[in-house]
Amino acid sequence: MWFCLCGVALRSTIGPFFTTGIPIASPLLLRTPQRRTGPVRACLLILLAASAFALEPASAQSTTSGRVEGLVTRRDSGLPIAGVAVRISGTGVGSSTGADGRYSLALVPAGPHTIEFRWIGYAPETRPVVIRAGATENADVTLSPVALQLADMIVEAASKAPERIVEAPAAITVIPAYQAAALTPTNQAPAVLRNVPGFDVVQNGMHDFNINARGFNSSLNRRVLVLQDGRDLSYVLVGSQEWGALSVALDEMGKVEVVRGPGSALYGANAFNGVVNISTPRARDVLGTKFNLSVGELNTIRSDMRHARSFADGRFAYKITAGYGTSDTFSRSRTRFDSTDIVREYTPASDSVVRKARAETIPLKGQTVDPVTGAATGDRDPVRTMYGVGRLDYYAPTGALGTAEAGISQVENDIFVTTVGRVQILRSQRPYARASWATDRYYLMGYYSGRRTPDKQVSLSSGAPLLEHSGAYHVEGQFNRPVKGERGRVILGASARAMQLNTKETLLEADEDDRVDNVLSAFGQLEYDLSSKWKTVAGSRLDKGNLYTTQVSPKIAVVFTPSRSQALRATINQAFQPPTGAELFLRVPAG
């Protein structure tokens, strides 16, 4: 059980709040004892220094447009509401409220407009506003809670395009922003999936989670594809997620859509039992500065900072985020010579008889082994996580959005349960870079996602040092166009991925190490409305890689909506899960 003892949240569009926040952040981010965190620590320091630009006021508005901002609160309590969709009717200008309930819309054409406010569980509201060129208008609103109306929820994960959730050709759950924000002190992202119907979440350590949908769970489970802004969060060696290296605070995750069921027709490999699609806010949607500080059980300390600012008449906006967390772990060393460590650890919490397990060779970092009993003594080194990310958005006059983003995260002393027993990650670094260009009709994206372990990983069973230097290079393009007016839609796309892996012969067979594997993919989907109540979907994907035979993943769906809030869905999907380098070529001491 986790609880937060204290919290601080600062937000401003100008400098004074941020200036006040620096002394609070300094002891946590700059003075906390830590070892060999050079590259990431330097990145954090640079990002924090760069955010001093918050002292400057936002750029002047264009002579043909203005800005509108305000606060959205709950009518019965007056509390702010996060995640409310805010749109200017008849334009492409929109945003959403942050954790403090505030929003800001830039580049709103001068003249009279109507602002729409919508969020699940609240009655929609509208507000008239007159925008003056170069000026900022204020429009606060209060929303009234109403019975949940799922029919009006818009999702994108099932078809890679916006549609009402009841018309989507797959079962989808949307996780509200406030549920993720509540877990910010621990930054344990998979915990937000525990209440998703049909999802199973197993936790083995502070950040060692295995998730699965509609099936049996297992160690290093990779049957659910996890994406953040289109980027696959898994790493090459085993194909599963390293949740401690997530480079975003949970209260900055934005929208999370969970597709329950196979999704390989559009997403390819590992969308076997489901897809978790995380969309983070654009820079212009979260203008201002915010700092969070939390402390809790297990000596947990967590701090996160975000600063966003627009310039060039609102055509450009940047966002800088950074975070640091440290905590003890509930994992224990198991080095007693009589193999009773696991009995001592689990018996107090179990009604069943806990059997002995073979003793491990190596204790957790920071501890030593008693030469007589084998018991681990001393204090365990804390688990540390840190990240820094910079993002730049370009808002084209045509409505297109261009994004360039780069970041790095680091995890120290975390523990994972693997096929060769428990492994302690002394230090893992996850650099990445992403660029995209999105319009109403097409989408282009490329990214690099890497992993390196400069301080090795240690098998606690054998004591073997394990290394990994890997990276995934991915490019993808997608095009969509309407068919027969607006009755149908065609989606076409292709992608290419290269996966580089080098373990210095500590994990893979010598003649199979230092390798590059490739995958080429093409996909298409046709959606057509037979009538106002019947919708059909047909699609397929072709994946060709050098580690497996060519895979074809078809998809057929029929959706019947007798009313706006009800739907019946019949689907046939075929998905696949390819082998990884670790599954094919693993060679490591077991004990």
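When a residue number appears, it is its place in the shown sequence, counting from 1.
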Roughly how far, to the nearest 0.5 Å, is the [atom2] atom of [Y] from the [atom1] atom of [X]?
{"X": "Gln577", "Y": "Arg222", "atom1": "CD", "atom2": "CZ", "value": "4.0 Å"}
{"X": "Gln188", "Y": "Leu183", "atom1": "CD", "atom2": "CG", "value": "7.5 Å"}
{"X": "Arg87", "Y": "Ser96", "atom1": "CZ", "atom2": "OG", "value": "7.0 Å"}
{"X": "Arg118", "Y": "Leu143", "atom1": "CZ", "atom2": "CG", "value": "11.0 Å"}
{"X": "Asp229", "Y": "Asn277", "atom1": "CG", "atom2": "CG", "value": "8.5 Å"}
{"X": "Leu225", "Y": "Leu233", "atom1": "CG", "atom2": "CG", "value": "8.5 Å"}

Problem set entry | Criterion side chain to side chain contact (heavy atoms under 4.5 Å, CB included) on Ser234 and Val226, from CA distance to verdict | CA-CA 7 Å; Ser234 66; Val226 182; over 6 Å; no

Just checking, any donor-acceptor pair under 3.5 angstrom between side chains of [X] and [Y]?
{"X": "Tyr447", "Y": "Asp232", "value": "no"}
{"X": "Asn480", "Y": "Arg489", "value": "no"}
{"X": "Ser159", "Y": "Glu527", "value": "yes"}
{"X": "Arg260", "Y": "Thr173", "value": "yes"}
{"X": "Thr385", "Y": "Arg302", "value": "yes"}
{"X": "Arg74", "Y": "Tyr122", "value": "yes"}
{"X": "Thr403", "Y": "Arg434", "value": "no"}

Problem set entry | Pair Ile115-Tyr103, side chain to side chain contact (heavy atoms under 4.5 Å, CB included): steps then yes or no | CA-CA 12 Å; Ile115 311 176; Tyr103 71 92; 4.2 Å; yes

Tell me, do [X] and [Y] make a side-chain contact under 4.5 Å, heavy atoms counted?
{"X": "Gln525", "Y": "Val537", "value": "yes"}
{"X": "Asp304", "Y": "Thr321", "value": "no"}
{"X": "Met445", "Y": "His474", "value": "yes"}
{"X": "Ser95", "Y": "Arg284", "value": "no"}
{"X": "Ile211", "Y": "Trp243", "value": "yes"}
{"X": "Glu163", "Y": "Val559", "value": "no"}
{"X": "Arg541", "Y": "Tyr267", "value": "no"}
{"X": "Val389", "Y": "Val248", "value": "no"}

For this session: Apply the side chain to side chain contact (heavy atoms under 4.5 Å, CB included) test between Val258 and each candidate in Ile175, Val192, Ile172; give the one that qualifies.
Result: Ile175

Return the minimal non-hydrogen interatomic distance between [X] and [Y], and the atom names on each side.
{"X": "Phe209", "Y": "Val201", "result": "CD2-CG1, 3.8 Å"}
{"X": "Met253", "Y": "Ile278", "result": "CE-CD1, 3.7 Å"}
{"X": "Phe199", "Y": "Leu193", "result": "CB-O, 3.8 Å"}
{"X": "Arg67", "Y": "Leu105", "result": "CG-O, 3.1 Å"}
{"X": "Thr561", "Y": "Ala567", "result": "CG2-CB, 3.8 Å"}
{"X": "Ala557", "Y": "Thr571", "result": "CB-CG2, 3.6 Å"}

Holding to side chain to side chain contact (heavy atoms under 4.5 Å, CB included), I want the full list of residues that pass it with [X], two or more places apart in sequence or in another chain.
{"X": "Val519", "result": "Met499, Ser521, Asp543, Tyr548"}
{"X": "Asp251", "result": "Ala181, Thr184, Ala249, Lys290, Asn292"}
{"X": "Ala265", "result": "Lys555"}
{"X": "Tyr442", "result": "Trp437, Thr439, Leu444, Phe479"}

Seminar exercise, completed: ring pair (Phe, Tyr, Trp, His ring centres under 6.0 Å) filter on Tyr394, not counting sequence neighbours, yields Phe316

Seminar exercise, completed: Residue set satisfying ring pair (Phe, Tyr, Trp, His ring centres under 6.0 Å) with Tyr528, at least two apart, ordered chain then number -> none

Does this structure show an ion pair linking [X] with [Y], if we count only N-O contacts that are shorter than 4.0 Å?
{"X": "Arg391", "Y": "Asp393", "value": "yes"}
{"X": "Arg231", "Y": "Glu405", "value": "no"}
{"X": "Glu137", "Y": "Arg132", "value": "yes"}
{"X": "Lys255", "Y": "Glu257", "value": "yes"}
{"X": "Lys160", "Y": "Glu476", "value": "yes"}

Main chain of [Y], side chain of [X]: is a donor-acceptor contact present, judged purely on distance under 3.5 Å?
{"X": "Arg430", "Y": "Gly450", "answer": "yes"}
{"X": "Asp517", "Y": "Gly545", "answer": "no"}
{"X": "Arg282", "Y": "Leu401", "answer": "no"}
{"X": "Ser409", "Y": "Ala245", "answer": "yes"}
{"X": "Thr97", "Y": "Val84", "answer": "yes"}

For this session: Would you please test Gln228 and Leu246 for side chain to side chain contact (heavy atoms under 4.5 Å, CB included) and show each step?
Result: CA-CA 9 Å; Gln228 179 183 327; Leu246 192 67; 3.6 Å; yes

For this session: Determine, stepwise, if the pair Ser279 / Glu156 fulfils side chain to side chain contact (heavy atoms under 4.5 Å, CB included).
Result: CA-CA 10 Å; Ser279 301; Glu156 299 184 23; over 6 Å; no

Exercise. Take atom CZ in Arg481; do more than 12 heavy atoms of anything else shown fall under 6.0 Å from it?
Worked result: no

Problem set entry | Asp440 CG: over 12 foreign heavy atoms closer than 6.0 Å | no

